[in-house]
Amino acid sequence: MSTKWLPLESNPDVMNKFIYKLGVPKDWSVVDVFGLDDELLSTIPSPVLAVLLLYPLGKEHDKLVKEEEERIKSSGQSVSDQVYFLHQTIRNACGTVALLHAVANNTGRIKLGEMFVQVLSCMLLLITLVASN
């Protein structure tokens with residue numbers, strides 16, 4: 001068995017095909033954001049339920065995350081237990097994990113069928129199996 005995860009291309013068409021197979025209705029979609037100025041942001045369909053960011057990870061990122069976690073804890077801030085979070089433990093699964101987060105954290109807004117629960121359970125099992133090899 002291969003322990004490689006096939007990455008999702010950072011392309012709205014590819015990501016939409018993936019989320020639709022998860023059971024997300026076609027009235028929701030992934031779109032590109034071409035910039036953060038008002039004119040470009042006005043082209044994005046509304047409402048926006050999630051934003052996916054692509055950026056490189058490294059030692060500096062790890063340091064910043066640790067500092068932020070310490071700041072949050074020391075300030076008494078907590079994260080709601082209603083937030084779904086899956087820690088990415090395998091290479092190349094970032095797009096898959098990001099889309100699972102986006103959908104799973106919006107189940108109150110996105111009408112999902114039983115298919116999503118079944119697919120999410122299978123995805124979690126696959127991610128666990130791949131990560132353990």
Side-chain angles (χ1 to χ4, degrees):
M1 179 168 83
S2 173
T3 58
K4 293 182 181 177
W5 191 267
L6 295 176
L8 281 176
E9 181 181 344
S10 181
N11 173 320
D13 293 333
V14 172
M15 291 183 164
N16 284 326
K17 286 178 188 173
F18 179 77
I19 64 171
Y20 298 150
K21 285 183 180 179
L22 288 179
V24 173
K26 292 195 176 182
D27 50 339
W28 295 101
S29 63
V30 175
V31 299
D32 278 323
V33 176
F34 294 107
L36 299 177
D37 61 30
D38 290 340
E39 184 178 346
L40 290 173
L41 289 175
S42 70
T43 66
I44 299 170
S46 184
V48 173
L49 299 185
V51 177
L52 308 181
L53 300 173
L54 294 173
Y55 59 93
L57 300 178
K59 291 179 184 177
E60 185 66 24
H61 172 265
D62 294 342
K63 178 183 168 201
L64 291 171
V65 167
K66 187 174 182 175
E67 289 171 0
E68 185 66 9
E69 286 173 349
E70 290 171 6
R71 187 190 66 74
I72 288 170
K73 283 181 185 176
S74 68
S75 72
Q77 182 179 351
S78 64
V79 176
S80 168
D81 61 356
Q82 298 298 308
V83 173
Y84 176 80
F85 179 75
L86 170 68
H87 186 74
Q88 180 187 338
T89 57
I90 53 178
R91 292 178 51 89
N92 295 327
C94 52
T96 302
V97 170
L99 289 172
L100 290 175
H101 282 145
V103 174
N105 280 305
N106 286 291
T107 56
R109 300 282 307 272
I110 302 171
K111 290 184 179 24
L112 297 164
E114 184 61 30
M115 171 71 101
F116 176 75
V117 175
Q118 293 173 0
V119 170
L120 180 60
S121 297
C122 291
M123 294 294 295
L124 293 175
L125 178 60
L126 283 172
I127 288 171
T128 302
L129 290 172
V130 172
S132 65
N133 285 328

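In the hydrophobic clustering of ILVMFWY residues, with side-chain heavy atoms under 4.5 Å counting as a link, L53 and L41 come out together. Taking hydrophobic clusters as Ile, Leu, Val, Met, Phe, Trp and Tyr residues chained together by side-chain heavy-atom distances below 4.5 Å, F34 does not share a cluster with L36. In this structure, L49 is a member of the same hydrophobic cluster as M15, with clusters built from ILVMFWY side-chain heavy atoms closer than 4.5 Å. At a threshold of 4.5 Å between side-chain heavy atoms, the hydrophobic network of Ile, Leu, Val, Met, Phe, Trp and Tyr places L52 and W28 in one connected group. In the hydrophobic clustering of ILVMFWY residues, with side-chain heavy atoms under 4.5 Å counting as a link, Y20 and L22 come out together.
In this structure, R71 pairs ionically with E68, as a charged nitrogen and a carboxylate oxygen lie closer than 4.0 Å.
Residues L112 and V103 have side chains in contact (heavy-atom distance under 4.5 Å, counting atoms from C-beta outward).
Under a cut-off of 6.0 angstrom, the local environment of CG in D38 is sparse, with at most 12 non-hydrogen atoms contributed by other residues, nucleotides or ligands. When the shell of 6.0 Å around CD of E39 is examined, it contains 12 or fewer heavy atoms from other residues, nucleotides or ligands.
Side chain of N105 to main chain of V83: no donor-acceptor pair is present (N/O by atom type, distance under 3.5 Å, no hydrogens or angles).
Taking each heavy atom of S29 and I19 in turn, the nearest pair found is CA-CD1, 4.4 Å. Here the closest heavy-atom approach between residue V48 and residue P45 is recorded as CG2-O, 3.6 Å.
L40 contributes atom CG, which lies 11.5 Å from atom CG of D32 (distance to the nearest 0.5 angstrom).
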